[in-house]
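To start, the structure itself, in structure tokens.
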Amino acid sequence: MSAQPPPRAPSHLFGLQLSRLNQRRLANFRSNRRGYWSFWVFWALFLLSLPAEFIANDKPLLVYFDGDYYFPVLAAYPETTFGGDFETEAEYRDPFVKELIGAKGWTLWPPVPYSYDTVNYDLKHPAPAPPDADNLLGTDDQARDVVARVLYGYRISLLFGLLLTLCSATIGIAAGAVQGYFGGWIDLLFQRFIEIWQGLPLLYLLIILASVVEPSFWWLLGLLLLFRWMGLVGVVRAEFLRARNFDFVKAARALGQSDRRIMWRHVLPNAMVSTLTFLPFVLTGSVAVLTSLDFLGFGLPPGSPSLGELLNQGKRNLQAPWLGFTAFFALAVMLSLLVFIGEAVRDAFDPRKTYGGGESA
């Protein structure tokens with residue numbers, strides 16, 4: 001039987017006119033149903049985690065008091081605003097503050113009335129407490145709500161992974177392009193530098209530096225960026241080495257175009273095909289490396305919402321299996337979706353499917 005062509009893709013995407021080649025790539029991507037639906041589920045979960053403060057917070061979304069409306073989730077109000085005695089910010093979970101507001105108004109709480117660092121002092125069992133109606137996934141060993149910590153940890157893991165992937169891809173593509181296009185001594189010296197740089201023990205450097213400075217989001221991002229950019233250099237370098245002797249590149253050079261313009265306009269689009277297929281897997285590795293560092297205790301500062309730290313708590317508290325299972329399933333869903341998306345992107349840019357019209361697996 002002859003292979004069926006992939007489903008027809010729209011000629012416009014977000015208002016942009018697609019070429020026939022890109023239409024076929026989009027059709028191949030959509031024909032991989034697992035990867036296509038994983039793409040939408042991944043972005044739905046990511047967009048859901050972005051407004052985490054409006055979903056899980058120990059501050060009300062809206063307070064109506066004495067004829068006025070207040071938005072504690074967006075601004076800080078002193079306790080005296082609601083008839084209290086202190087000029088410090090109101091503690092809205094305090095029964096006294098609840099009574100003050102309830103006497104002249106009402107409050108609208110988010111679906112999860114806990115933030116990632118909120119300690120629940122009203123537990124019926126010692127921490128880590130099992131799941132109940134108040135804490136749907138239980139609490140960790142410091143009496144903090146697991147749902148809130150997973151939501152915030154999911155967001156910070158993806159934001160870290162996306163930033164690290166974007167920055168490392170930018171540097172790696174630029175470095176690989178320079179190596180592959182110019183070749184010669186530039187390529188040779190750069191390759192020796194990469195070999196030496198890759199041999200440095202990243203974990204030992206993190207252990208040493210963690211004893212000198214306190215790790216933070218941007219500190220970890222910068223340090224990992226020093227090593228993660230080399231992941232795409234080899235792919236881009238190979239594509240530039242192959243394409244620099246093509247006839248259209250020689251013609252552009254003969255017409256007097258600059259090397260920078262030739263690299264940007266003529267060679268880079270060909271190199272990006274293979275590069276884009278690797279990006280979902282690079283993102284998977286970026287998320288995994290942050291989780292690993294948090295699990296080992298060399299990641300984000302103590303108290304930060306982290307899936308790796310939740311995994312570590314599950315290891316330390318085997319009598320509370322909900323901690324390990326929750327972190328495991330959150331990571332498994334995230335990484336599985338990224339792998340499925342990567343497979344669909346690989347199919348989309350596969351020349352055998354793009355030009356041959358073969359059916360996607």
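Note that the numbering runs from 1 along the sequence shown for the chain. Note that these values count all heavy atoms, side chains included, but never hydrogens, waters or copies made by symmetry.
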Got a sec: does the [atom1] of [X] have more than 12 other heavy atoms crowding it under 6.0 Å?
| X | atom1 | result |
| --- | --- | --- |
| Trp37 | CH2 | no |
| Phe328 | CZ | no |
| Phe96 | CZ | yes |
| Asp68 | CG | yes |

Under 3.5 Å, side-chain donor or acceptor atoms of residues 276-294 against the rest of the protein: list the pairs with distances, not counting sequence neighbours.
from	atom 1	to	atom 2	distance (Å)
Thr277	OG1	Ser274	O	2.6
Thr284	OG1	Pro280	O	2.9
Ser286	OG	Thr165	OG1	3.3
Ser286	OG	Val282	O	2.9
Thr291	OG1	Val287	O	3.0
Ser292	OG	Ala288	O	2.8
Asp294	OD1	Leu300	N	2.7
Asp294	OD2	Ser306	OG	2.6

Could you report the tightest heavy-atom contact between [X] and [Y], atom names first, then the distance?
| X | Y | answer |
| --- | --- | --- |
| Val233 | Gln179 | CG1-OE1, 3.2 Å |
| Trp264 | Pro269 | O-CD, 3.6 Å |
| Arg93 | Pro113 | NH1-O, 3.0 Å |
| Ala344 | Asn32 | CA-ND2, 3.7 Å |
| Thr81 | Tyr77 | OG1-CB, 4.1 Å |
| Leu159 | Phe217 | C-CZ, 4.4 Å |

_I'd like to know whether the aromatic ring centres of Phe82 and Tyr70 sit less than 6.0 Å apart in this structure._
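Yes, they do, as the ring centres are separated by less than 6.0 Å.
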With heavy-atom distances below 4.5 Å as the criterion, would you say the side chains of [X] and [Y] are in contact?
| X | Y | value |
| --- | --- | --- |
| Val345 | Ile341 | yes |
| Phe160 | Leu221 | yes |
| Ile173 | Leu268 | yes |
| Leu45 | Val333 | yes |
| Tyr92 | Asp94 | no |
| Val150 | Thr326 | yes |
| Leu158 | Tyr154 | yes |
| Phe240 | Arg237 | no |

Check residues 51-67 and write down every donor-acceptor pair under 3.5 Å in which the side-chain atom is one partner and the other belongs to a residue at least two apart or another chain.
from	atom 1	to	atom 2	distance (Å)
Glu53	OE1	Arg155	NH1	3.0
Glu53	OE2	Arg155	NH1	3.4
Glu53	OE2	Arg155	NH2	2.9
Asn57	OD1	Lys59	N	3.3
Asn57	ND2	Glu53	O	3.1
Asp58	OD2	Thr118	OG1	2.9
Lys59	NZ	Glu89	OE2	2.9

Hphob cluster co-occupancy, [X] + [Y], side-chain heavy atoms under 4.5 angstrom:
| X | Y | answer |
| --- | --- | --- |
| Phe246 | Phe182 | yes |
| Trp40 | Leu337 | yes |
| Leu338 | Phe39 | yes |
| Ile186 | Leu188 | no |
| Leu47 | Met334 | yes |

*Taking it one step at a time, do Ile194 and Trp229 satisfy side chain to side chain contact (heavy atoms under 4.5 Å, CB included)?*
CA-CA 10 Å; Ile194 290 178; Trp229 61 270; 4.1 Å; yes
*asked:* Run the side chain to side chain contact (heavy atoms under 4.5 Å, CB included) test on Leu200 and Phe227 for me, step by step, so that the C-alpha distance in whole Å, both residues' side-chain angles and the decisive distance to 0.1 Å come before the verdict.
replied: CA-CA 9 Å; Leu200 295 178; Phe227 297 89; 3.8 Å; yes
*Cut-off 3.5 Å, side chains only: do Asp347 and Asn28 have a donor facing an acceptor?*
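Result is no, nothing qualifies.
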_What I want to check is whether the side chains of Gln313 and Glu309 have a donor and an acceptor closer together than 3.5 Å._
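There is such a pair (donor and acceptor under 3.5 Å, judged by atom type) between the side chains of Gln313 and Glu309.
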Nearest 0.5 Å, please: how far is [atom2] in [Y] from [atom1] in [X]?
| X | Y | atom1 | atom2 | answer |
| --- | --- | --- | --- | --- |
| Leu151 | Leu48 | CG | CG | 6.5 Å |
| Gln319 | Asp141 | CD | CG | 9.0 Å |
| Ser168 | Met230 | OG | CE | 10.5 Å |
| Glu87 | Thr80 | CD | OG1 | 4.0 Å |
| Tyr36 | Leu26 | OH | CG | 8.0 Å |
| Leu137 | Asp140 | CG | CG | 12.0 Å |

Output side-chain donor-acceptor pairs under 3.5 Å for residues 125-132, partner residues at least two apart or in another chain, one line each.
from	atom 1	to	atom 2	distance (Å)
Asp132	OD1	Asp134	N	3.0
Asp132	OD1	Asn135	N	2.6

_All ring-ring contact (aromatic ring centres under 6.0 Å, His included) counterparts of Phe46, not counting sequence neighbours_ =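 Trp43.
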*Within 45° of the six-membered ring axis of Tyr116 and under 6.0 Å from that ring's centre, is NZ or CZ of Arg149 located there?*
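No; the conditions do not both hold, so Arg149 does not lie above the ring face of Tyr116.
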*Pairs involving residues 288-324, ordered by first then second residue, that meet ring-ring contact (aromatic ring centres under 6.0 Å, His included) (sequence neighbours left out)*: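 Listed once each, the pairs would be none.
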*How are the rings of Trp197 and Phe193 set relative to one another: parallel (under 30°), tilted (30 to 60°) or perpendicular (over 60°)?*
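Correct class here is parallel.
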_Stepwise salt bridge (charged side-chain N to carboxylate O under 4.0 Å, His left out) check, Glu343 with Arg346_ = CA-CA 5 Å; Glu343 292 176 351; Arg346 180 194 60 195; 5.1 Å; no
For residues 250-263, please give each side-chain donor-acceptor pair under 3.5 Å, one per line with the distance, not counting sequence neighbours.
from	atom 1	to	atom 2	distance (Å)
Arg253	NH2	Tyr181	OH	3.4
Gln257	OE1	His266	NE2	3.0
Ser258	OG	Arg261	N	3.3
Asp259	OD1	Tyr181	OH	2.9

